[in-house]
Colleague: 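Sharing a structure below in C-alpha cells format, with a few things to ask.
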Amino acid sequence: MKPSWRLVFSPILLVSLVLVISLVLFGSSAQAQQAARKPARIGWVSVFPLAQVASYLGAFRSGLAAEGYVEGRDVEVLARSADGKPERLSAVVDELVGLKPDVIISQGTAIFGLLGVTEIPVVYGFSGDPVAAELTDSLARPSRNLTGVSFMAIELNEKRLDLLRMAAPQARRVVLMGDPVHPGADLEIAASQAMARRLGMELRWVPTRNVQEVSELLASLAKNPPDALVVLPDSVMLASRNQVAAFASEHRIPALSGWSMFARSGGLLTFGPRLEESFKRLAYYAARILKGAKPSELPVERSSEFELVLNLKTARQIGLTLPDSLIALADEVIE
C-alpha cells in the first residue's frame, strides 16, 4: 500500500503565507490605482512671454515640490502666454480653459482675462490692490472664485524715497512715473508725495499708461533731466524697465523701483517684495484647492518678505558712490 502524503501547516506558516498573498494583492491594487490616477492639471497664464517670467514660473514649480507634488506624476503644469500682446489674452485663456485644468494660476494682469471663468478656481499673483481692482470685496473672505497674493505694500513707496536720500543726498527734483489705472496707484502716489514733502524733495507725478507714453516722457525729460526717477512697480513699467534704465544711465541719474528685475536690468536700486517667494506661495494655494478647498476659504495674502537690491555697476556708471551703510543693508549687490 503506497504511503499517503499530506502537508502540515503550522499556524505561524499559515499566517505568514496569508500576509505574503495580501501584500502581493494590495501592491498590485495600489499600482493599478496609481496607474489609473491621472496627474492633476494646473494652468498657468501670463501676458508676458514665458521666458521673461521664467523665474516666477520656476518658483511656483519649486513651491509645488515643497508641497509634495511631483510634476509628471502628481501634477501637470500647462503654461500659456500672450507673448507680450494683451489683445491675445482672451484667446489664450479660452485655449487654457478648454484643457480643463483643476486650477489656474494667473501671473500679473492676466487676472483680468480670467474674470469670466467661474467653473475653475483661479489663484493670482498680482501687483495691485485686489479690492481696488474689484477682484474681491474682502481680503479675509474672497468673494469671487479667485484668491491669491498681492505684492502691493503702500509703505514701501516711502521707504524707496528714504533709500534715494541715502544713495543720492543731493537729489531734489524727482519724477515719479507709472500706470495711473493700476489698482491702488493713487495710494502709492499719495504716499510718495507725502514722503517727498517730509524729505524736502520736489516730486512730480507723470502718468505713463503704456510703453509709448513712457517713450514720450523720457524724450521730454531728456531736455531737462530730473535729479532722479522713481518707477512704480506695475506691468507697464516692467515692460519698460530696460528703456528707463538706459535713459537714467545716459543722463547719469539714479532710477529706483520696487522689483528686483528692474535693478538687474540696470536700475540703481529696488526695494520691494521677493517675488519668487510670493510665486512660490501660490503653490500652497494650488495644493489646498487640489485637496478640496474653495478660493473663498483661502484669504488673500500680501507679500511678507522684502529685499533691497543695489546695482553697484550702475552706480559707477552714473558717478555715484553708495555709502557703506546702504550697501550693508542690501540683500543683493550687483557688481
Colleague: Is R281 positioned over the aromatic face of Y284, cation under 6.0 angstrom from the ring centre and no more than 45 degrees off axis?
Modeller: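 Ring-cation test returns yes.
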Colleague: Quick one: which residue pairs count as a ring-ring contact (aromatic ring centres under 6.0 Å, His included) with a foot in residues 149-179, not counting sequence neighbours?
Modeller: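 Pairs touching residues 149-179 that pass the test: F151-F279.
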Colleague: Find out whether L164 and M201 are in side-chain contact, i.e. whether some heavy atom of one side chain is under 4.5 Å from a heavy atom of the other.
Modeller: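 L164 reaches M201 side chain to side chain.
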Colleague: Between K38 and E76, does any side-chain N to carboxylate O distance fall below 4.0 Å?
Modeller: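 Here K38 does not pair with E76 in a salt bridge, since their nearest N and O are not under 4.0 Å apart.
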Colleague: About how many Å separate CG of L218 and CD of E216, when rounded to the nearest 0.5 Å?
Modeller: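 Here the rounded value is 10.0 Å.
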Colleague: About how many Å separate CG of L275 and OH of Y56, when rounded to the nearest 0.5 Å?
Modeller: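 Y56 atom OH to L275 atom CG measures 4.5 Å (nearest 0.5 Å).
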Colleague: F247: which residues meet the ring-ring contact (aromatic ring centres under 6.0 Å, His included) condition with it, sequence neighbours left out?
Modeller: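 For F247, the residues satisfying ring-ring contact (aromatic ring centres under 6.0 Å, His included) (neighbours in sequence not counted) are H251.
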Colleague: Can a side-chain donor-acceptor contact be found between S278 and S303 if the only test is distance below 3.5 angstrom?
Modeller: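 Side chains of S303 and S278: pair found under 3.5 Å.
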Colleague: Got a salt bridge between R209 and D234, using NZ or NE/NH1/NH2 to carboxylate O under 4.0 Å?
Modeller: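 Not counted as a salt bridge, because no side-chain N and carboxylate O are separated by less than 4.0 Å.
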Colleague: Check this for me, if you would: do R274 and E307 make a salt bridge, where the nitrogen-to-carboxylate-oxygen distance has to be below 4.0 angstrom?
Modeller: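 A salt bridge links R274 with E307.
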Colleague: Does E134 have more than 12 heavy atoms from other residues, nucleotides or ligands lying within 6.0 Å of its CD?
Modeller: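 It does not: E134 CD has 12 such atoms or fewer within range.
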Colleague: Using only atom types and a distance under 3.5 Å, with no angle test, would you say the side chain of D227 pairs donor to acceptor with the backbone of V174?
Modeller: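 No, because the side chain of D227 does not come within donor-acceptor range (under 3.5 Å) of the backbone of V174.
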Colleague: Quick check for you: to the nearest 0.5 Å, what is the distance between I105 atom CD1 and W44 atom CH2?
Modeller: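 Here the interatomic distance stands at 7.5 Å.
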Colleague: Salt-bridge test for R144 and D137: reply yes if a basic N is under 4.0 Å from a carboxylate O, no otherwise.
Modeller: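 Judged by the 4.0 Å cut-off on N to carboxylate O distance, R144 and D137 do not form a salt bridge.
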Colleague: Cluster question for you: counting only ILVMFWY and a side-chain heavy-atom cut-off of under 4.5 Å, with indirect links fine, are M195 and L256 together?
Modeller: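 Shared cluster, yes.
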Colleague: In this structure, which one of L64, L78, D102 forms a side-chain contact (heavy atoms from CB on, under 4.5 Å) with I42?
Modeller: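 That would be L64.
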Colleague: Above 12 or not: heavy atoms from other molecules or residues under 6.0 Å from CD of E71?
Modeller: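 Enclosed: over 12 neighbouring heavy atoms sit under 6.0 Å from CD of E71.
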Colleague: To the nearest 0.5 angstrom, please state how far the OG atom of S265 sits from the CH2 atom of W259.
Modeller: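 S265 atom OG to W259 atom CH2 measures 12.0 Å (nearest 0.5 Å).
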Colleague: For the CZ atom on R141, are there more than 12 heavy atoms of other groups (residues, nucleotides or ligands in this structure) within a distance under 6.0 Å?
Modeller: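 It does not: R141 CZ has 12 such atoms or fewer within range.
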Colleague: Looking only at heavy atoms, what is the nearest atom pair of H182 and S127, with distance?
Modeller: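 Answer, listing the atom of H182 first, then S127: CE1-OG, 2.8 Å.
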